[in-house]
There are 2 protein chains.
Amino acid sequence: MSGYILVVEDETPIREMITFVLEQNGFNSVEASDIKQAMDNIVEPYPDLILLDWMLPGGTGVKLAQSLKQNEFTRNIPIIMLTARADEDDKVKGLDAGVDDYVTKPFSPKELIARIKAVIRRVSPTLLAEKVEFHGLKLDPVSHHVTINNEALDLGPTEFRLLHFFMTHTERVYSREQLLDNVWGTNVYVEDRTVDVHIRRLRKAISGAGHEEFIQTVRGAGYRFSGKVKTS
Amino acid sequence: MSGYILVVEDETPIREMITFVLEQNGFNSVEASDIKQAMDNIVEPYPDLILLDWMLPGGTGVKLAQSLKQNEFTRNIPIIMLTARADEDDKVKGLDAGVDDYVTKPFSPKELIARIKAVIRRVSPTLLAEKVEFHGLKLDPVSHHVTINNEALDLGPTEFRLLHFFMTHTERVYSREQLLDNVWGTNVYVEDRTVDVHIRRLRKAISGAGHEEFIQTVRGAGYRFSGKVKTS
DNA sequence: ATCGATTGTCACAAAAATGTCACGTTTACG
DNA sequence: CGTAAACGTGACATTTTTGTGACAATCGAT
């Protein structure tokens, strides 16, 4: 992840537990124990998400949420409220304030992470996408940049998705049908051989920069993305 | 910051300490040691905020606050009261007078600045927005001025917001929908292709000043703001 | 009301990407 | 070897996506 998550929670043990969980799961985090500290941290670069305690000294979290959602610069920062109460009325209020989701204390780390990812996935899916690197090949789903030994590659959308799939599924043979399902999508009717053509285009783009053969043909079975060169 | 903060405080050492702190933190300030001086300074251009001592010779600060809050021209100037007393009754009085916040003497510079920022952020967030610079492009969210290599650009409001968003979110691909959410606002119904048109206008404005291509098209994905120039 | 600036939408042009085919090449296997 | 199947490759028509100019509606300041 490139950005960070702001944790606004006055109870220090809980706050620290949360940040611990976040960092265990690869999120950066910044802590705030009250509204004031929170406001001081809601500046550029804005957090990717805010975990906001319901009850805060010096004002409720709901008010902060409301004011953030009314400000044009902060309006789009997703907010997850932390509440000890499963109070239905309060939830309604919070949702009116534009809050994106709720987590009721006590919660399990697993649940918290799941909620966070769900919200981020809804708001900005690419944030969860991670850079992939493989033998000098680099692919960044966020910027859509692909480089081989720091030299830029120009790929079409399909080649990009195909390469992304291969780079996250290496050393394994995939049939044309499997590739169609995973890259083109299920229930799409295209000829099997179309895969060949795109493999061809991808190979051209990669080795066009003069490099080894990443995509190997497995006769009668499909294709395999691998660092090892086929000797046969 | 474009404007200034008016400091109304009769005790010279404290007043000077405050203005020192303010200027250290990038705020302009004007000093007043009594009500009369204060009134003389509350004219156009109005201060962005007033720091008002509770006890002033020739009248209490509360009265000044009240009269300011009753005047249609000065009503919206945020006021922070400086008080030596943590007296609850006084606070209530002050808040009744429409005062925006309190700072109890003695206070730390950090606290003062934080309170000021919090109030300004609440009242007029754009005042705190920071200038953005990127490869010779400069954007000032406060004055809405944009320059490229010190040459002024003329942008419409939407182009301005779009550019601001891009300059604070570089090297990342955003889909048309994401741009609509972030620049136009959520739940606004506008055609996807409208983004294209504004991209076009923004590109025209930027490169109209004869410069490189900041906004890159990522086919099938959206647009990306980047310093790197696409070669192919 | 009037003028200019701004904005969203459309229609068309331009560009890029895609899927398919035809044909050449390689491989497996008798 | 010879043959058939599997795969590579270039070309091409079609479709999809994006660029661009024009235009009417809207908004704000006179």
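We use all heavy atoms of the structure for the numbers below, so side chains are in, but hydrogens, waters and symmetry mates are not. Chain identifiers are assigned alphabetically (A, B, ...) following the order of the sequence lines, protein sequences preceding nucleic acid strands; residue numbering begins at 1 within each chain.
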* Asked: Are any side-chain N or O atoms of A:Arg203 and backbone N or O atoms of A:Ile215, one a donor and one an acceptor, separated by less than 3.5 Å?
  -> yes
Query raised in the report: Is B:Trp184 near enough to C:dT7 that one of its side-chain N or O atoms lies under 4.0 angstrom from OP1 or OP2?
Result: no
Exercise for the section: Please determine if a side-chain N or O atom of B:Arg176 lies less than 4.0 Å away from the OP1 or OP2 oxygen of D:dT18. Expected result: yes
- Message: Taking only side-chain N and O atoms of B:Thr217, does any of them lie within less than 4.0 angstrom of OP1 or OP2 on D:dG19?
- Response: yes
Report task. Describe the nucleic acid contact of B:Phe160 in one word from base, sugar-phosphate, nothing, applying a heavy-atom distance below 4.0 Å. Result -> nothing
| task | Look at B:Tyr223 and D:dG19 and indicate whether a side-chain polar atom (N or O) is within less than 4.0 Å of OP1 or OP2. | result | yes
As a check of understanding: the bend across the helix from C:dA1-D:dT30 to C:dG30-D:dC1, end axes from five pairs, rounded to 10 degrees, works out to 30°
Taken in chain and number order and not counting sequence neighbours, the residues that satisfy side-chain contact (heavy atoms from CB on, under 4.5 Å) with A:Val183 are A:Arg161, A:Leu162, A:Phe165
Applying side-chain contact (heavy atoms from CB on, under 4.5 Å) to B:Ser33 and not counting sequence neighbours gives B:Arg15, B:Gln37
Readout for nucleotides 20-30 of chain C: B = base within 4.0 Å of protein heavy atom, S = sugar-phosphate only, - = neither; 5' to 3' it is BB----BBS--
The side-chain contact (heavy atoms from CB on, under 4.5 Å) partners of B:Val197 (sequence neighbours excluded) come to B:Arg201
Residues passing the side-chain contact (heavy atoms from CB on, under 4.5 Å) test with A:Thr147, sequence neighbours excluded, are A:Lys138
